[in-house]
Amino acid sequence: MPRPILATIHTDALRNNLQVARRAAPQARHWAVVKANAYGHGIARVFEGLRGADGFALLDLDEAQRVRDLGWRGPVLLLEGVFEPRDLELCSRLDLWHTVHCSEQIDWLAAHKTHLGHRVFLKMNSGMNRLGFTPERYRAAWTRLSALPQVDEISLMTHFSDADGPRGIAHQMAVFNQATQDVPGERTVSNSAATLRYALGQQGGANAVPELVSDWVRPGIAIYGSAPDYPQHTATQWGLQPTMSLAAKIIAVQDLACGATVGYGSSFTAEQPMRIGVVACGYADGYPRLCPTGTPVLVDGVRTRTVGRVSMDMITVDLSPVPHAGTGSKVTLWGRTPGGAVLSIDEVAACAGSVGYELMCALAQRVPVEVLE
Ligand SMILES: *Cc1c(COP(=O)(O)O)cnc(C)c1O
């Protein structure tokens, strides 16, 4: 028998979450961001749930190839553009739209031999200081690109550093709008947090930034059912549903006497007699090693906590609130149970000082995955 651990991808939740994003920006077209192998879910596994998107955005050329192999003929956007000149051949062959964020990428395009005009997204560094042309250099880049016979259409793009936090997006929007005032082209600025929080009529509607104009929005984390601004909002508050569940079973039970310790480093000591369950999931499965005693888990759908250190292949959980649980009982590490109970990946991530993004992306190769239609 295989080790009793299983990740489940929920197709219905992907569809629901895409709808949540659409309701927040009904006028925009929506990229489903599927970089990092669809945030750890697997591109092929999410494809059915996300085929209602208007396009797929990602960074890796192999992943772009996979999206085409799945039969997707609509837009595919390379969020970081090409990494070397020969990548442009693949862009021509697979009809990939690509970001242009630096002058080298323009040089490569100028030297690229193609009869197919490329659609490019010219990226502005409006304050995040990772990728893009500064506002001062943006127009010159646009002018240079627009003169190239290899370029068919130029869209305008930037990315927010603080859409999920108190600093917000207004300062970057002002920079972007100022520098693109009379530059033609479609615009794309919003990630999940900006899409949800700065939408008119949404919960963040009080913050609505009227000058935020998006022809395309780029939701990633929200479509995977994690709140982009946890803990200010929970996924449930945004109407988002978990798209990945991680579940395992109890493989052993220990009855602890008062004073007994658990696991490596004896980091947990029983203060009264108690039962604990040993769960077939550890950090080698992607469960964060930094989750301390007290991290929530569901045993048979009942909320309880981890005790002691996470080890490579096992964690230990307090069975006090679930006296009937024993070997074979189902433990949900995050996501939802067949009975409909939900444990937010954001809550587990926060216990480890991390974010839902990282936990999803870290789901280990050794964990078998099923897709629920
Ligand atoms: C990853 C990414 C997104 C999606 O961000 P989320 O926070 O997951 O919504 C959007 N735009 C760009 C450029 C990205 O790299």
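In each ligand, atom 1 is the first atom listed, and ligand 1 is the first ligand listed.
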Open item on the list: Considering non-hydrogen atoms of the protein only, which is the closest contact for atom 7 (O) of ligand 1, and what is the distance?
Closed with: Tyr357 OH, 2.6 Å
Open item on the list: For Tyr224, state whether at least one heavy atom is located under 4.0 Å from any atom of ligand 1.
Closed with: no
- [ ] Give me the one residue out of Leu78, Thr99, Ile106, Leu109 that meets side chain to side chain contact (heavy atoms under 4.5 Å, CB included) with Val120.
- [x] Leu109
Open item on the list: I'd like to know if the side chain of Arg218 pairs up with that of Thr188 as donor and acceptor (distance under 3.5 Å, no hydrogens or angles considered).
Closed with: yes
Open item on the list: Checking a contact table here: which protein heavy atom is nearest atom 9 (O) of ligand 1, and how many Å away?
Closed with: Ser192 OG, 2.5 Å
Open item on the list: What protein heavy atom lies closest to atom 15 (O) of ligand 1? Include the residue and the distance to one decimal.
Closed with: Lys35 NZ, 2.7 Å
Open item on the list: For a quick check under 3.5 Å, do Asn125 and Arg137 share a side-chain donor-acceptor pair by atom type?
Closed with: no
Task: Polar side chain donor-acceptor pair, Arg187 to Thr180, under 3.5 angstrom - done: yes
- [ ] May I ask you to check whether Trp31 and Phe56 place their ring centres under 6.0 Å from each other?
- [x] no
TODO: Ignoring hydrogens and angles, tell me if any N or O in the side chain of Glu370 forms a donor-acceptor pair with the backbone of Thr8 under 3.5 Å.
DONE: no
Open item on the list: I need the contact type for Leu79 against ligand 1. Using non-hydrogen atoms and a strict under-4.0 Å cut-off, is it side chain, backbone, both or neither?
Closed with: side chain
Open item on the list: Under 4.0 Å, heavy-atom basis, I'd like to know which part of Arg218 is in contact with ligand 1: side chain, backbone, both or neither.
Closed with: both
Task: Proximity flag Tyr39 to ligand 1, non-hydrogen atoms under 4.0 Å - done: yes
Open item on the list: For atom 6 (P) of ligand 1, tell me which residue out of Val34, Thr99, Leu59, Ile221 has the closest non-hydrogen atom.
Closed with: Ile221
Open item on the list: Give me the nearest non-hydrogen protein atom to atom 12 (C) of ligand 1 as residue plus atom name, then the distance to 0.1 Å.
Closed with: His159 CE1, 3.4 Å
TODO: Could you tell me whether Tyr357 and Tyr224 have their ring centroids closer than 6.0 angstrom?
DONE: no
